[in-house]
Protein chains: 2
Amino acid sequence: MVRFDEKDREILKILRKNGRITLTELGRELGLSPASVKNRIDKLRELGAIQGFSAVVDPSFLDRYVRVFMLLKLKAEDPEVDRILSKFAVLDNVQTIYRTTGRTQALIIAEFEDMDEMKRFAGRLKHSLGSLLEYIEWGTIYDSIKECWTDTKKRGGSHGHKGGHI
Amino acid sequence: MVRFDEKDREILKILRKNGRITLTELGRELGLSPASVKNRIDKLRELGAIQGFSAVVDPSFLDRYVRVFMLLKLKAEDPEVDRILSKFAVLDNVQTIYRTTGRTQALIIAEFEDMDEMKRFAGRLKHSLGSLLEYIEWGTIYDSIKECWTDTKKRGGSHGHKGGHI
DNA sequence: GCTGAAATTCTGGAGTG
DNA sequence: CACTCCAGAATTTCAGC
């Protein structure tokens with residue numbers, strides 16, 4: 001068991017909103033030296049409190065024009081499910097996979113170049129889960145109001161891209 | 001309209017997986033000087049391709065033990081909806097708000113200290129949307145396999161926290 | 001968790017194609 | 001316009017306390 005105090009919580013909150021803040025600036029806000037902040041962040045990573053850092057990116061700039069969520073209705077609670085989903089987690093199309101309660105048992109968020117690629121993905125998902133899967137309910141994500149703790153307000157100006165970010 | 005090439009795409013991909021990589025290291029991987037990488041990242045932020053940087057945090061370390069997704073079934077496609085959802089987007093409980101197609105029209109992911117706080121949130125949501133809302137379908141998120149492009153594998157060892165991260 | 005010094009990185013301007 | 005180079009500034013990092 002490791003110590004974990006209010007300043008650690010504050011670090012987590014600030015890093016969620018600004019993942020690239022400097023240790024120096026973070027230290028100013030907390031009243032700590034940069035070295036202490038580094039020690040704490042290293043500790044938080046060790047603990048698993050911080051699992052990584054990520055940029056919030058508009059997928060249309062990667063030519064991913066189809067973004068979807070999928071709700072998986074599973075027939076059985078087989079430990080195999082997690083193993084299979086972990087295989088899909090490594091794909092670079094997949095942003096998020098959660099295990100959930102409710103009418104469905106898993107939530108996947110992923111992005112694709114087109115509907116065709118999405119359908120192939122869904123097909124492989126069905127094939128891999130086989131009899132464990134009852135059905136997939138899905139929909140497209142056509143707008144993001146907030147994402148990963150980052151407000152995604154629209155700024156003015158197009159940049160000539162085809163589709164996406166209005 | 002601004003130029004946008006393969007190296008920019010590569011920057012987006014790398015930054016999604018490692019949001020705190022240094023400009024120097026990023027430059028090494030791309031065959032560019034750190035200064036060029038900086039210029040490109042500044043440009044990508046201007047364009048809205050990069051909307052921010054965020055740490056992927058285990059919410060139980062913030063005493064948020066209840067994590068949920070909510071699917072909003074709306075009665076009408078009123079522009080008011082976006083305005084109302086934007087108000088909820090500023091709350092620090094809210095991780096994500098998407099507008100979607102499908103059976104439901106919005107997806108919210110949020111985290112709370114307990115069920116009570118979650119219910120108050122859902123209540124306010126219902127109250128704010130009023131007659132625009134038909135129903136909310138929801139479930140709890142009890143495990144994360146991948147999140148914001150970050151594999152969230154379980155590492156060994158507990159740290160004495162109550163609940164959460166097994 | 002702090003200090004202090006060394007190593008590394010960042011940053012803006014000048015110069016190049 | 002995008003790039004590199006370069007020097008000064010800032011940050012990171014690590015040892016020792």
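Letters go in sequence order (proteins before strands), and every chain restarts at 1.
- Remark: P of D:dT13 and NZ of A:Lys38 are 5 Å apart, rounded to the nearest angstrom.
- B:Gly27 comes within contact range of no nucleotide atom at all, as no heavy-atom separation falls under 4.0 Å.
- Taking side-chain N and O atoms only, A:Ser33 has no distance below 4.0 Å to OP1 or OP2 of C:dG1.
- Rounded to an integer number of Å, the gap from A:Arg20 CZ to D:dT12 C1' is 13 Å.
- Nearest nucleotide to the B:Arg40 side chain, out of C:dC10, C:dC2, D:dC3: D:dC3.
- With hydrogens and angles disregarded, no donor-acceptor distance shorter than 3.5 Å links the side chain of A:Asn39 to the backbone of A:Asp42.
- Listed pair A:Thr24 / D:dA10 fails the phosphate criterion, with no side-chain N or O lying under 4.0 Å from OP1 or OP2.
- Note: CD (B:Glu25) to P (C:dA7) measures 20 Å, nearest angstrom.
- Nucleic acid contact class of B:Thr22 (heavy atoms, under 4.0 Å, all strands): sugar-phosphate only.
- A:Thr152 contributes a side-chain N or O that, together with a main-chain N or O of A:Ile145, makes up a donor-acceptor pair within less than 3.5 Å.
- Proximity note for A:Leu32 (side chain, C-beta onward) versus C:dT9, C:dC2, D:dC3: the nearest is C:dC2.
- Rounded to an integer number of Å, the gap from CG of A:Leu26 to C1' of C:dG1 is 15 Å.
- Using the six-membered ring where Trp is involved, B:Phe121 and B:Phe88 have ring planes that are perpendicular, over 60° apart on the 30 and 60° scheme.
- Checking D:dA2, D:dT4, C:dG1 against every side-chain atom of B:Arg3, the shortest atom distance belongs to D:dA2.
- Taking atom CG of B:Asn39 as the reference point, atom P of C:dC10 lies 13 Å away to the nearest angstrom.
- Rounded to whole angstrom, the span from the CZ atom of B:Arg28 across to the P atom of D:dT4 amounts to 14 Å.
- A side-chain donor-acceptor contact under 3.5 Å links B:Lys146 to the backbone of A:Ala89.
- Between the side chain of A:Arg20 and the main chain of B:Ile21, a donor-acceptor pair closer than 3.5 Å is present.
- Atoms CD1 (B:Ile41) and C1' (C:dT11) sit 13 Å apart, rounded to a whole Å.
- Put simply, CG on B:Leu23 is 12 Å from P on D:dT12, counting in whole angstrom units.
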